[in-house]
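Reviewing the structure listed below.
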Amino acid sequence: QLQAGVLPPMSVPAGERQAFTVPYAPVTPKPGAEYFITFSFALNRDERWAPAGHVLAWDQFKLPVTVPARAMYRLPEVACTESDDAVVLSGEGFALTISRKTGTIVSFVRAGKELLCSAPHLNLWRAPTENDKGGWRGRMVDMWQGAGYDRMLYDVHRVIVERVTPEAVRVKVDFGAHPEDRTEGFKCSYVYTVFGSGDVLVDTSIDPFNQRPPLPRFGLEMRLNAGYDTMTWFGGGPHECYIDRKASSVVGRYSGSVDDQYVPYVVPQENGNKVDVRWLSLTDASGAGLLAVAEPTMEASAHHYTTENMTKARHLHELHWQPEVTLNLDYRQCGLGGGSCGPITRPEYQLPAEAMTFRVRLRGLATGDDPAVIARQELPAAE
């Protein structure tokens, strides 16, 4: 963010326009960085309805200042060990295990610390909001539950391991997703490209067999072990935002506890989402943890409550706080709409059930790692 300074107070007669020059020094851009300028318009004197300094309006613009990201060079080699049960990939300071049975990353160790409590897996469900449960022309939640998005099962068909370069190994998992009480669903895949640096590109794809209702969300859900309680992100914020509610969000770098992200609605429901996220990290007191980098942007949220708990709870006292962190990284979520007192989500903010691929880069962080610097680095091609 650029600090442009404060313009002198000015009074403009009603109906007239006045031009002004923004006083800021040109920047020398860093490779892979983005730059924004934010204008804020505030009262220059006290009024009966608000004090001096009260913000009346603001807007933000991305500056046309870019330098290509700096590519990583001389990556370490990645070792690959296969067994009937798993594929283990390791390099300098990390080890990652992919289960052949589930097709998911069941272990991710960085600097001797296990990051995962449960594996990153395809997730199409969200804890319904009160808007999802109402509407003049039907309820979103009825469509979603009728399609079985709240009770999906995953069947692995095959796992293919390919050595791409000495520094990269690719593991492709083909699997199906369908409701527990029926057979039709989605043709799916995970493609993991693991580099010797410890970076993991995860491409998650879905393709419905037949026509399906719009989705609540499409992305990955995982749980991190206790202790990774600081959430830092570069994207929209600082408050919760959704695709049809994001005009109030300002792109910037934000940080706070995971508990700070929870919004205590009277009825527990989906909450705390962030939009236009470029990267997000969850770290412990030493700065170690997990980094997720979008390509190019994603939606994301983190909670000390599980999605299942927020789905079933009808009152706040029915929520069960857990030291582990549930992390959702999404290609997109359905918008919120206004169904609790009006129409459901507008069509342009719904998420059609169609062939889609979501890519995110995961990287374990050790103490001293700067997530912003790592996020701006570009991985070499691994075709």
Over all atoms of both residues, closest heavy-atom pair of [X] and [Y]:
X: Ala353; Y: Tyr149; result: CB-OH, 4.0 Å
X: Ala111; Y: Ala366; result: CB-CB, 4.1 Å
X: Lys172; Y: Asp174; result: CE-OD1, 3.2 Å
X: Ala302; Y: Met231; result: CB-SD, 3.8 Å
X: Pro216; Y: Trp144; result: CG-CD2, 3.4 Å
X: Val78; Y: Ala168; result: CG1-N, 3.6 Å

Roughly how far apart are Leu153 CG and Asp181 CG, rounded to 0.5 Å?
8.5 Å
Nearest 0.5 Å, what's the OG-CG distance between Ser99 and Asp85?
7.5 Å
Counting distance only, does the side-chain N/O of [X] pair as donor-acceptor with the main-chain N or O of [Y] below 3.5 Å?
X: Glu82; Y: Val88; result: no
X: Lys101; Y: Ala86; result: no
X: Asn309; Y: His320; result: yes
X: Asn225; Y: Glu114; result: yes
X: Arg126; Y: Cys334; result: yes

Intermediate values then yes/no, ring pair (Phe, Tyr, Trp, His ring centres under 6.0 Å), Tyr305 and Tyr262
CA-CA 9 Å; Tyr305 307 100; Tyr262 183 76; 5.1 Å; yes
Any donor-acceptor pair under 3.5 Å linking the side-chain atoms of [Y] with those of [X]?
X: Ser281; Y: Thr283; value: no
X: Ser248; Y: His239; value: yes
X: Ser340; Y: Asn131; value: yes
X: Thr38; Y: Gln60; value: yes
X: Gln261; Y: Ser301; value: no
X: Asp259; Y: His303; value: no
X: Glu299; Y: Asn273; value: yes

Could you check, using the six-membered ring where one of them is a Trp, whether Phe186 and Phe209 have ring centers closer than 6.0 angstrom?
no
Does the ring center of Tyr254 lie less than 6.0 Å from the ring center of Trp233?
yes
Just wondering, do [Y] and [X] contact through their side chains at under 4.5 Å, heavy atoms?
X: Leu96; Y: Val200; value: yes
X: Ile374; Y: Leu291; value: yes
X: Pro214; Y: Pro352; value: no
X: Thr306; Y: Glu324; value: no
X: Tyr154; Y: Leu122; value: yes
X: Met152; Y: Pro179; value: yes
X: Arg163; Y: Cys80; value: yes
X: Val191; Y: Val202; value: no

Tell me whether the guanidinium CZ or amine NZ of Arg253 lies under 6.0 angstrom from the six-membered ring centre of Phe234 and within 45° of its axis.
no
Between [Y] and [X], does any NZ, NE, NH1 or NH2 come within less than 4.0 Å of an OD or OE carboxylate oxygen?
X: Lys62; Y: Glu34; answer: yes
X: Asp330; Y: Arg217; answer: yes
X: Glu240; Y: Arg245; answer: no
X: Asp142; Y: Lys133; answer: no
X: Glu308; Y: Lys312; answer: yes
X: Arg110; Y: Asp369; answer: yes
X: Arg100; Y: Asp84; answer: no
X: Glu354; Y: Arg212; answer: no
X: Asp199; Y: Arg363; answer: yes

Quick test of your reading: applying ring-ring contact (aromatic ring centres under 6.0 Å, His included), list the pairs with at least one residue in residues 331-377, sequence neighbours left out, ordered by first then second residue.
Phe218-Tyr331
For Tyr190, enumerate each residue passing the ring-ring contact (aromatic ring centres under 6.0 Å, His included) test, keeping only those at least two apart in sequence or located in another chain.
Phe175, Tyr192
Around atom [atom1] of [X], are there more than 12 heavy atoms of other residues, nucleotides or ligands at under 6.0 Å?
X: Glu180; atom1: CD; result: yes
X: Arg346; atom1: CZ; result: no
X: Glu295; atom1: CD; result: yes
X: Arg151; atom1: CZ; result: yes

Leu327/Arg223 under side chain to side chain contact (heavy atoms under 4.5 Å, CB included): CA gap, chis, key distance, verdict
CA-CA 6 Å; Leu327 173 63; Arg223 293 179 69 204; over 6 Å; no
Test of understanding: clusters of I, L, V, M, F, W, Y form through side-chain heavy atoms closer than 4.5 Å, transitively. Do Ile98 and Val159 belong to the same one?
yes
Please walk me through it: do Trp125 and Thr311 pass side chain to side chain donor-acceptor pair (under 3.5 Å)?
CA-CA 10 Å; Trp125 179 250; Thr311 297; 3.2 Å; yes
Worked verdict on Lys246 versus Asp276 for salt bridge (charged side-chain N to carboxylate O under 4.0 Å, His left out):
CA-CA 9 Å; Lys246 71 176 188 176; Asp276 296 333; 3.4 Å; yes
Could you walk me through whether Ser286 and Lys113 pass the side chain to side chain contact (heavy atoms under 4.5 Å, CB included) check?
CA-CA 12 Å; Ser286 73; Lys113 293 183 178 181; 3.8 Å; yes
Test side chain to side chain contact (heavy atoms under 4.5 Å, CB included) on Glu348 and Asp244; report intermediate values, then the result.
CA-CA 9 Å; Glu348 63 265 34; Asp244 56 352; over 6 Å; no
Any chance you could lay out the side chain to side chain contact (heavy atoms under 4.5 Å, CB included) test for Leu351 and Gln333, step after step, and finish with the verdict?
CA-CA 7 Å; Leu351 180 58; Gln333 272 202 60; over 6 Å; no
May I have the step-by-step check of side chain to side chain donor-acceptor pair (under 3.5 Å) for Asn210 and Glu184, ending in yes or no?
CA-CA 8 Å; Asn210 300 300; Glu184 77 264 9; 6.0 Å; no
